[in-house]
Each structure stands twice: as structure tokens, then as C-alpha cells.
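Chain naming here is simple, since letters A, B, ... match the order of the sequence lines and numbering starts at 1 in each.
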Amino acid sequence: MGAPGSGKSTFCDLVMRVSTRPWVRICQDTIGNGKAGTKNQCLTGAASALKEGKSVFIDRCNLDREQRADFVKLVGPQVEKHAVVLDLPAKLCISRSVKRTGHEGNLQGGKAAAVVNRMLQKKELPKLNEGYARITVCQDEKDVQAAINTYTALGPSDKLPPGFFGQKNSDAKVQLGIMKFLKKKDPPGCSDTVSNVSPENIQSHATKERDSNQVVESHEEPKMASAGSNISLENIPTLAFPSISTADFHFNLDKASDIIVEKVEEYVNKLGNARLVLVDLSQNSKILSLVKAKAAEKNIDSKKFLTFAGNITKLYSEGGLHCTAIANATNWRLKPGGGGVNAAIFSAAGPALETATKATAGSLSPGKAIVVPLPSSSPLFSREGVTHVIHVLGPNMNPQRPNHLNNDYVKGCQILREAYSALFDGFASIVRTQGEPSKDNFEKELKREPQPEQGSTNGDQKAKREAAPEVDMNKKYKSFVKELGPNVGSSGDGNTGEQTRKAWGSWAQALYDTAMHPERHKNIIIEKSDDVVVLNDLYPKAQKHLLVLARVEGLDRLADVQKEHLTLLKTMHGVGLKWAEMFLSENNSLIFRLGYHSVPSMRQLHLHVISQDFDSKHLKNKKHWNSFNSPFFRDSVDVIDEVSQNGRATLKDENFLSMELRCHRCRSAHPNIPRLKAHISSCQASFPAFLLQNGRLVLLEGKDADH
DNA sequence: GTTCTAGAAC
DNA sequence: GTTCTAGAAC
């Protein structure tokens, strides 16, 4: 399965060239005497090849379930069905498709892009319950090569293990480094096969689209919105737990990982929609990779069980992962200290946890766990949204410590199983009694704290608002580890405020100087008050693009913003809004968005007020586009919400800037800036749902960005 | 932030 | 040959 240009034919060819298995490739592009044929021809061809005892590749896009269902149904269970999904970046597929139809000139190329876009919008990843014994999802060239190797090595009577392989993050927000893919040489000999990959799809769709514009204008419901935007947020009870007994208690990692996976598998379904997260501080954690591999083998739902490298006491503030409960691998006295996770959690939770723990129990025996509700005075509660700590004691295999099991792994494994059962039972009891402890609850809890600066007028918005940060493990984790350094551990607080900051270059000082010395810049300033200065962006990226500068020394960027700046943020928003409305009164077709760059290039906090036409000669590169049209752009309304609730705004990774180019309305992908600009100049699709909410878009009253 | 430009992509 | 991107310099 895969879009045109994803490399299906190449895949088959490379396998068949070396494989000792009798393969037959059924390709709709060539099945009609070397020309494109029909689906029925493919079905018949496949059936007869199977009857002859051959193995068959169905070389066909098969992106939606309906298309592939007939092939799965073709033969009974005696024939094993596999899916290999070439889920490569849209841009790469487009680029290859355009290349192979290029002889017809640009128009053809443009249609290829349109077709790939359209097809990808219909993409449904296959599921095992469609009838596949094995599914392999390839998301980059490395995955593809691995799958090629796997199938090449498959002898005539060999079998592959069943299950789902490959990451399922179909809604990955960042697809980086397209150029890296393109720079790679195609495998030798593929150039002659590439030319006949699925032209039928392109031709037939291209014919249908002959009268339409060169690029897809999706006037349909923008399905891609859910894939590329921030709409879906995890809002579910989550337990973060460290690996029990494998650190100080020296429990064998391989055995421990087996038990973790076994117990997770047992509980993951009992827990309903709740989620389990195995956490380890180390970036190269052996236990994490063992567990990850074994969980994948067992096909455990990756939405319900994840592994996460990071500091368990800062999962929300540093990792963007909100966990309702965290497990503490403690000692039998339930006392702080001793190093490791126990020391870290007691230290981060403050004396409140010690008191609450004492009130619950005096000691703990191996294999047991106790649930301790965390008082709201604990920083773990207020900062991280953790409502419960579950202390758990595992078996001790460390001969240097008292009461060790003398290498008795029969007993050790039994106790470790008990420990995880007790832990997950404890979590289950929280889930049951709390109903749905969610981010919303977390936010409600936070709101209980006195917030003098906060008006009560927008409470309604808050309830609907999408809770703060998305979970984006890889990105988050990378920057997170960079900040913490590899060995920052149990010491607790104090080292997280300072991030690695680039120094400002001389060219980055212009806005700072304007804000601090407005009198020197009278010619460009269009409004000035004690709090802010407003000016037109020197290189506007849209018809209307202005900046509202904060006039506070030391407030260089969003990362510097704290709760004390809430009033200022609201002032800036108000000023920006006023200007947007002024522009709207002159041109009622404009639509505005107000927000900040997560990592600005210019010093001095500045709010962008920018019209959504992006019609500008200054918009020249990917960074320009993505800085306004990826999660890197933080809407002012969200920043205000986050700062008022958490005291800081979430910043998104700079990697978003190299994300593939997608239309901000219909979310279609485009191979380069000129093509993107040609598309957006006429795309009238409705904006993604995310932008239609909470006043993120500013437009004329009565006008509807939805139509 | 932009400009410049080599070299890749087309 | 022309278009486009990415990285360095500023």
C-alpha cells in the first residue's frame, strides 16, 4: 500500500530480484498487456497465481480499506495476507510522481501532485482485523529497506511473525528532512521501473481533473485537519511508572522487561481508556528499549502504553505529558532519600508527600503498593498535575543491600509480578473513583489557586479550550534532555529555568531598540503607549502584517513570559485586535491571526498580527511559511490561557520550521514555495477546525471562515 | 531577520 | 538552462 511515488514497484522488484521464493507481482499499471488494467484483472491474476502455488505481491495503492478488502477476501485463511505500507512523506511521493510524468510538462506534474494529495487524504492505515496476519508500516527509507530485507530473506516455506510492525504515528506533525530523502540515490536499477509505477492512478484522476485547477482545491470537509493539527489531545488518566527494582535493586533487565510487558498487557485492557507510561531518566535507557521492543512484538496498543525518557517528576512541565498518577519505586520504610527515583519524587513533591504517606502507612513489604493522594500544596500537584503517588516496593536482588533474595529469581520474578499488579491495581482504583481525571480537571484544580490578575469573563472559553501542550515525545524529549543534561537526576528543582539560549546577533536587535527608544524610530511606529509600540513588519509576509512590541526590558521572547506579564499579554492582544478590526473595516475579506513565534529570530517580545492571505513577495522560504502555519506559531489566545493557568507558555520545537509545506486551509501538501503560493492564492477551503475555535481567527462578524 | 550563492532539482 | 533550496555571513 502506498501513494503513487511511494516506491511500491521498486519494493517488489528489489525483493523479487534476490528472493528464492516464487513471487508474482500483480500490478494494475501493466496487467493489461503491459498497459493499465482493471481491478478485476488484478483479482483474477492474483487468484490464479496463488493456485499455482506462487506468492503474490499486489502492487496497487490500496490506500483505503474498501479498495483492499476484495484482495483480502480473495482467498481463505490458508493463504496468509500481509500488508506492507509505504507511508512516506507526501512531498516525497509527489516529487517522484511529478518526475515520472514530467515529459508532459508542468501541467502533468501539477496533476500528479493533485492526485497524490487527494489520495493521501483518503489514506486509512490497515488494521489487523481487516484480515492481515502481519502489517509493516514504513515511514522512511530506513523502514523501507528493513522491510525489503525481511521479505527478501523469506524462503519458499518460511513464515514471518504475525502482528503490527512499525510506528503508528500517522498523525506525526513533523516530517523532516525531505531533502535528505531526495538526496539519497535511488537504489541501482530502479530508474527503469520507476517510470511505470501506478501511472494509471495519475492518468485516471488527472482526466477527471482536467477542467479543474492545477492543484487540488479541496472544498470537501478537510479531513486532513485531524492529521496535521492540534485537534486531538490526550485527555486521559495516565500512570507514569519507573522500572521497579532494576536500578538499585539490581534486578535483571531482560527478566524485568518481560514482566513489565506481561503485566502491562494484562492491565492495559482492564484499565479502559487509561494509559500507562514507563519512564526512565536515561536517554539510552536499556530497559526502555527492551520493553519497547517486546511491547511492539506483542502488539500492545501504543496509545495505551508508551515508553518515555525523561524526569518522572517533570513530565508535564518538561515533557508536555500530563500524568495523573506517578509510581514511586520506594524503600520499605517509605522514607525520602536513598537516591534514585525515590529521592527525586520525595524531593519534588515536598514535605506534603511525606506527611500524606505517613498518614497512610508506616512501611511497605516487597510486592506491595500503596496509593497516596497528593495534597494540593505539593508542587508536584500544582506544577505537574499529579494527583496521586503510588509507592511500590519491588524485590531486592542487590547482594550489597540488606534483605536481598540471594539471586533467587523464582522468588524475585514472583515478587516483581506482584509489585506491578499491586501498582496497576492501585492505579485502577484511582481511575474508578476519580471517573475521568483529565487535563480539564487539572485545569480546574489549578484555577482554584488564587489568580488575582485573571478576570472571570472567559471561563466558558477555558472549558472548551484545548488543554495546553500536545504530547510530542520525540521532539519534546530531545529539547528536554538537552536542557537537563544527561546526568541531572534526583536533585529536584532549580536547574530547569535556564535553557540553552542563543545569543542575539547584532541584526536581531532592531525591535529591541525600537521598543526601548521609540523616539529614534518615529518614522516606522504607528502607535505608541507606555506598554507597547506598534509597527508594520519591515518584511510583511501577508497583505497586512504588523508587530505589537512589549516595552519591557528583559522580555526578549515568549520563553521569558511569566504570570506577572499576563496583563501585558492581554494589552498586546487588545491592541493587535484593534488594528485587525481596523483593517477589517477597510477590507472585509481579510482574516487575521494573532500570535507569537515559539523561538523568535528578533529580540524583544513581539506579537504578530497577520492576515491569512500570505500574499507577499517577502514570503520566500519554508521557515517563513511554517513559522506562521505550524504549531510553532502560538496563538495569542492560547498563550494568554496557558500563562494564566500554568505561569508559562508552551513553546514548540524549531523542527516544525522544516515541516513539509501544507496549505493552511485545506492542508494539502506542496513540493515547494512557488507551488504552495500558487495554491494558496486561490484556495478557499474552510480553515481547520482548530483555528475556528476560541477566537484564534479574527474576521468580520457574520462572515464565516467555515464556508 | 535578510541577502547571497553553490549546487541540487527540475 | 532555469528554478529552488539550504546554509553561511551579516
Aromatic plane relationship, A/F592 with A/F583 - under 30° parallel, 30 to 60° tilted, over 60° perpendicular: parallel
Is_stacked (A/W507, B/dG1) at 5.5 Å, 30 deg: yes
Under 4.0 Å, heavy atoms only, any strand: does A/L538 hit a base, just the sugar-phosphate, or nothing? nothing
Which part of the nucleic acid, if any, lies within reach of A/H597 when heavy atoms closer than 4.0 Å are counted: base, sugar-phosphate only, or nothing? sugar-phosphate
More than 12 non-hydrogen atoms from neighbouring residues, nucleotides or ligands closer than 6.0 Å to CG on A/N523, yes or no? yes
With A/R696 as the cation and A/F690 as the aromatic partner, state whether NZ or CZ is under 6.0 Å from the six-membered ring centre and within 45° of the axis. yes
[X], nearest nucleotide to its side chain (from [options]):
| X | options | result |
| --- | --- | --- |
| A/K622 | C/dT5, B/dG1, C/dA6 | C/dA6 |
| A/K620 | B/dG1, C/dT5, B/dT3 | B/dT3 |
| A/H624 | B/dT2, C/dC4, B/dG1 | B/dT2 |
| A/N672 | B/dG1, C/dT5, C/dA6 | C/dT5 |

Can you tell me the distance, in whole Å, between the [atom1] atom of [X] and the [atom2] atom of [N]?
| X | N | atom1 | atom2 | answer |
| --- | --- | --- | --- | --- |
| A/N621 | C/dA6 | CG | P | 8 Å |
| A/H670 | C/dC4 | NE2 | P | 15 Å |
| A/D556 | B/dG1 | CG | P | 14 Å |
| A/E660 | C/dC4 | CD | C1' | 18 Å |
| A/E654 | C/dG7 | CD | P | 14 Å |
| A/I673 | B/dA9 | CD1 | C1' | 15 Å |
| A/D537 | B/dG1 | CG | C1' | 9 Å |
| A/N626 | C/dA6 | CG | P | 11 Å |

Quick one: salt bridge (Lys or Arg N to Asp or Glu O under 4.0 Å) partners of A/E581, sequence neighbours excluded? none
Using a cut-off of strictly less than 4.0 Å, decide whether A/K623 has a side-chain nitrogen or oxygen near OP1 or OP2 of C/dG7. no
Going by the side chain to side chain donor-acceptor pair (under 3.5 Å) test, which pairs reach into residues 536-547 of chain A, not counting sequence neighbours? A/D537-A/H545, A/H545-A/H608
